[in-house]
Amino acid sequence: MPRLSVNVDHVATLREARKVKEPDPAAAALLAELGGAEGITIHLRRDRRHIQPRDLDLLRMMIHTKLNLEMGTSEEIVKIALKTKPDLATLVPEKETEITTEGGLDLSQEDPRLKEVISLLHQMEIPVSLFINPTPNSVRKAHKLGANVVELHTGPYAEATSFLDSATELERIAGAAALAKKLDLEVHAGHGLNYQNARKICLIEEIEEVSIGHSIVARACLVGMKEAVREMVRLVGR
Ligand code: PXP
């Protein structure tokens with residue numbers, strides 16, 4: 001069964017909605033580790049909509065498992081990554097207008113910047129994962145680019161509305177995972193995985209890690225609500 005890396009971006013999203021100090025994604029990450037997470041994932045976006053550089057610095061110092069930094073290829077972010085040295089750098093496409101990462105990297109055209117960033121990260125001995133759509137072509141291109149890991153995009157699987165579409169997407173992911181493993185790439189998967197759909201992905205033998213964020217943070221808000229209200233009721237004195 002794969003390892004779970006917990007993405008704490010949306011804890012920061014809640015904090016940034018008020019521009020205050022809480023909830024702190026660093027505290028959430030430590031609790032995630034206590035709960036059994038084997039890794040913590042964050043995405044430091046150019047627009048800083050959730051995770052801030054301070055979070056990255058704190059997490060680098062505090063967590064006991066592995067830090068996976070999702071990142072674009074802008075000069076500024078690459079500089080930060082090279083300085084912080086995460087345990088894994090996952091390169092993702094990044095658009096300012098998107099609500100969340102919309103798709104895997106487009107590897108259909110040569111991208112000299114992508115090649116350069118992979119090489120810079122490797123020079124600092126930072127393993128590189130490429131977030132890709134689960135197609136044989138993308139897997140082959142990722143391998144050619146020298147990636148150590150591919151993270152297969154599970155969004156279309158998660159969003160499938162019929163059993164048939166879901167089964168088709170699952171098969172695509174399983175096929176891409178098998179090919180990646182054959183090419184000696186470590187295989188991760190993520191995006192849109194939740195308490196209903198994650199299990200089938202985790203049964204794909206080649207997948208060694210899943211990265212899950214939104215559904216865990218959403219569940220934490222609900223399962224923690226009763227206790228949070230009890231504490232406040234005690235405090236207000238009734
Ligand atoms: N993997 C990648 C590359 C992502 O960009 C995201 C979203 O930040 C995730 C996994 C986690 O997705 P979700 O929040 O839907 O679980």
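All values derive from a computational prediction rather than experimental measurement. We count ligands from 1, going down the list as the structure has it; atoms in each ligand are counted the same way. The chain is numbered in sequence order, starting from 1.
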Asker: Which of the numbered atoms in ligand 1 are under 4.0 angstrom from any heavy atom belonging to I212?
Answerer: 16 (O)

Asker: Could you list the atoms of ligand 1 found under 4.0 angstrom from a heavy atom of G192?
Answerer: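 Counting from 1, the qualifying ligand atoms are 12 (O), 13 (P), 15 (O), 16 (O).
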
Asker: I need the atoms of ligand 1 closer than 4.0 Å to a non-hydrogen atom of E151, numbered in the order shown.
Answerer: 1 (N), 2 (C), 3 (C), 10 (C)

Asker: Is there a path of hydrophobic side-chain contacts, each under 4.5 Å between heavy atoms of I/L/V/M/F/W/Y residues, joining L56 to L120?
Answerer: yes

Asker: Strictly under 4.0 Å, does any heavy atom of S215 approach an atom of ligand 1?
Answerer: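 No, S215 has no heavy atom closer than 4.0 Å to ligand 1.
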
Asker: Charged N to carboxylate O under 4.0 angstrom, R234 versus E231?
Answerer: no

Asker: May I ask you to list the atoms of ligand 1 that are less than 4.0 angstrom from any heavy atom of F131?
Answerer: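 Counting from 1, the qualifying ligand atoms are 3 (C).
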
Asker: Measure the distance from atom 11 (C) of ligand 1 to every protein heavy atom, then report the residue, atom name and distance (to 0.1 Å) of the closest one.
Answerer: S211 O, 3.9 Å

Asker: Write out the residue and atom name of the closest protein heavy atom to atom 16 (O) of ligand 1, then the distance separating them to 0.1 Å.
Answerer: G213 N, 2.8 Å

Asker: Can you find a side-chain donor-acceptor pair between H153 and E151 that sits under 3.5 Å?
Answerer: no

Asker: Report yes or no: does a heavy atom of T90 sit under 4.0 Å from some atom of ligand 1?
Answerer: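 No; T90 lies far enough from ligand 1 that no heavy-atom distance drops under 4.0 Å.
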
Asker: Quick one: nearest non-hydrogen protein atom to atom 8 (O) of ligand 1, plus distance?
Answerer: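 Checking every protein heavy atom, the shortest distance to atom 8 (O) of ligand 1 gives N7 ND2, 3.4 Å.
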
Asker: I need the atoms of ligand 1 closer than 4.0 Å to a non-hydrogen atom of V92, numbered in the order shown.
Answerer: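 Those qualifying, in numeric order: 3 (C).
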
Asker: May I ask you to decide whether E76 forms a salt bridge with K83, counting only side-chain N to carboxylate O separations under 4.0 Å?
Answerer: no

Asker: Please list the nearest protein heavy atom to atom 2 (C) of ligand 1 with its residue and the distance rounded to 0.1 Å.
Answerer: E70 OE2, 3.1 Å

Asker: Does the pair E102/K95 count as a salt bridge with the N-to-O cut at 4.0 Å?
Answerer: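 Answer for the salt bridge query: yes.
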
Asker: Identify, for atom 14 (O) of ligand 1, the protein heavy atom at the shortest distance, and state residue, atom and that distance.
Answerer: H214 N, 2.9 Å

Asker: Is the shortest side-chain N to carboxylate O distance from R49 to D47 below 4.0 Å?
Answerer: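 Salt bridge flag = yes for D47 with R49.
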
Asker: Please determine if E75 and R113 form a salt bridge, counting it only when a charged side-chain N lies under 4.0 Å from a carboxylate O.
Answerer: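 Not counted as a salt bridge, because no side-chain N and carboxylate O are separated by less than 4.0 Å.
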
Asker: If you have a sec, work out which protein heavy atom is nearest atom 12 (O) of ligand 1 and how many Å separate them, to one decimal?
Answerer: H191 CA, 3.5 Å

Asker: If we ignore angles and hydrogens, is there a donor and acceptor under 3.5 Å between the side chains of H122 and S119?
Answerer: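 No - no donor-acceptor pair under 3.5 Å links their side chains.
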
Asker: Is ligand 1 under 4.0 Å from a heavy atom in the side chain of H43, in the backbone, in both, or in neither?
Answerer: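 For H43, there is no contact with ligand 1 at all, from either part.
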
Asker: Could K141 and D106 be called an ion pair, given the rule that one side-chain N must be under 4.0 Å from one carboxylate O?
Answerer: no

